[in-house]
Amino acid sequence: MGLTDALARYALRATHVLVVEVPGEWRTRVGLEQQMLRRGWRPAWTPADADVLAVCGIPGPALAENVGQLWEQMPGPRVRADIGSLSHVSSALDDAATLLLDTPHHRADAQNRPERPQLPEPHGQSDDDGMDHGGHGHHGEHQSADHSDMGHGGHDGMDHGGHGGIDMAPEGIPLATGGQDRDGLEMDVLHLPWGPVLPFWPAGLVLRCALQGDVVVEAGASVIDDAHHHGPGEGHPAQAPWAAVRCDNAMALLALAGAEDVAVRARRARDALLDGNGDAARDAVTRLHRAVRRSRLLRWSLRGVLPLTASDLEDHGLPMSCLGDAHDRLVSLVERVRAQVHDRGPMNPSGTGAVVWDELPHLMTGLELATVRLAVASLDLDPLPGAREVARA
Amino acid sequence: MPEAVVMTVPGYWAVLAAVLLGGLAVFAAALDAGLSDRAQGLGGGWGAPLAGTARLLRQRRRTTVAADAVLWRVGNAGMLMGALLMVAVVPLGWWALADLDVGVVWFNAVDVMVWALVWLAGWGANSTHSLVGGYRFLAHGLAYELPLMFALVAPAIAAGSLSVGDVVAAQEGLWFVVWMPVAFVVFLVGVTGFSVWGPSAPALGADIAGGVLSELSGVDRLVFLAGRYAFLAAGAAFSVPLFLGGGAGPVLPGWAWSLVKTAAVLGVLVWLRRKLPALRPDRFMEIGWVVMLPAALLQDLVVALIVVGKA
Amino acid sequence: MYSGLVSMALVAMLVVVFLYALHRRTAVAARLIVSLPFQSGWIPNEHALSRFHVRWYLASLVFLAFDVEMLFMYPWAVVVLEKGASAVAEMFLFLGALLVAVLWAWREGAFRWV
């Protein structure tokens, strides 16, 4: 039908992409973002909004489980683009665009996919008091076993009620149960895992938060597939210009703070640094620096977010660049980048890679959700070295 | 009581009013997309909202496991309907669809309805991100709503009437924005509040993966987003009779001035989104109560004293 | 007078119905798909619908007190011109008293919740 095709072609201009960054594939993800921007494609924040699921790199077994779940959550038309490396970005997106236009394919997909999510057997956890840090690797394996047992076709979702007690677990998911809040009131606790796939979030980090209302009462950090990382590959951030990685992290913090124009400046500075055009990069970094210094509202918004004193830094083993609150850290980050592009700083200063991810839970407990996101972003984490740190711990 | 300058038109003009509001909403969306692309150093982008509409019309609808479906959909679709109901009392030049005796209160009633709508849209999805977003909106509402109400009262005091037509008539010679600047600014903050826009949008924030929007797809997402832009346009449109002299202006006819002024206010609100960071609810609560509320009250006092003093 | 509102309500409903009907024809499939909520790809531990801990409940109580006050403010705005200075004095003494309560609540930390 002509009209359907015309609609599909027109819709293609506004394609939304859910980006998955496998730890270590920083450069591929950035390349993907640049390509998307040129096509007018925009990032989706959740699978509900996504047309394309773009996986940068080859996920390990646990991340693959998560990606599979996200794929099931996409409404369709849906296309998966596996992008092995930076050089494949363009062709992968071309293929995705072609497949997106194939309406009969998407009709068939809608016919053949399960109508309801396939839940694993209820694992009888009425929650074992908070976070079990190590146990989640197992968890993933259970799920995959269950998946294959149940099979995908002809599955009736109503079965689920039968297993876990109808009252306590409608549709196979338990109801929230109470816990004491800090004032001794009994309030329901919700568990919200953050990462590995979340906008403006360090790749591979998983922070499992227990929430009462919008305040984190307990948290546990882990790294997805921490046994599976090999040495730095070509996409690894350690291979990318140090300053570009810093600008990318600043962009995440600014985007989370809702300061869009400044975030765009950080993005442009990052891309200019990657292009290697010295003058353009200096110019972009100067603009970023000016914008960050000037914005009073930004200062107001970031002031007092996770303030760290020198003794806190020592206690948590954090580098000196984390001193102060989120705004101090942002300014210090931008200033270090500026010093480097003007050749006044060390050529390849070590990142803040020493920020140990298992310190995060101690820092985040008791904070409100928005503050947690800003706090994590403000620590300027370097993905993979941190991962190894946790693996060793 | 001033003579009525606003004429009520028959009900079927509601279609035109809806078309105009839709046009303004599309204008706001296109402007936002265009500014966004310009900031990125790209050209174009103006067409993105229409392409995005095509995309959402093609995308399947989606629900979540054990969602509270009825309440969820009421919240989604209610945004668009609420915006249309709000604009019913806004005169276009010298014509009004409904010039109620209590037009200002009607506006207020509709904007309070948004509390329910956004919260329902957040609650219904049975998703933590969405739920947190819904409650965030309420926290924001607690901070912006009272100052907004007191800002709405200021023109009513000066006109001695709650009818929008009388408020317009009372501005002959001097627009209210000139001697009620504080009320005007507080009103605009309120407009961003009930349209969940720009700095007042933590309910849809990136930090909670889009919050209330996080589980919406297809036409459900489309009506919520359209409702949001429509509310922004309706709020901007209401600022014109309230503070900016309605259809008054040289050369052009009244309806044209109404549209021009509305588009200008709308343009500023859209432009500001990119410039201002999000007002986090936990910080904004204090601002709303300790800065905006006393400021709005003081404005009301000044207006009341001037009005009584002149009489 | 209310015909404008009624017809606008009808138009609003028609717009929404039209969009949903249009979507049934244009979407790749009209049926809804049931999905798990987004949790970064993890399966939720529990349903999100729960007793949410609103930490700003104190602020909402103060809000209610002020909101009821608005019942007086609207009619007052209409008659203030007739009644003159005494009406202004009475209303703003009342508002002043409420504002003192707000300041007290502020000092007690009712508008901070984390």
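What you are looking at is a predicted structure, and each value in this text was computed from that prediction instead of being measured. Quick note on labels: first sequence line is chain A, next is B, and so on, each numbered from 1.
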In Å, rounded to the nearest 0.5 Å, how long is the span from CZ of A/F200 to CG of A/L374? 12.0 Å
Nearest 0.5 angstrom please: A/E72 CD to C/I33 CD1, how far? 7.5 Å
Below 4.5 Å from any heavy atom of chain C, which atoms of A/L7 appear? Answer side chain, backbone, both or neither. side chain
So for A/V20, is it side chain, backbone, both, or neither that comes closer than 4.5 Å to the heavy atoms of chain C? neither
Could you look at C/V54 and say if it's the side chain, the backbone, both or neither that has a heavy atom under 4.5 Å from chain A? neither
Do A/R80 and A/W71 meet the cation-pi criteria used here (NZ or CZ under 6.0 Å from the six-membered ring centre, within 45° of the axis)? no
Taking all atoms of both residues into account, what is the closest heavy-atom pair of A/W194 and A/L198, and its distance? CD1-CD2, 3.4 Å
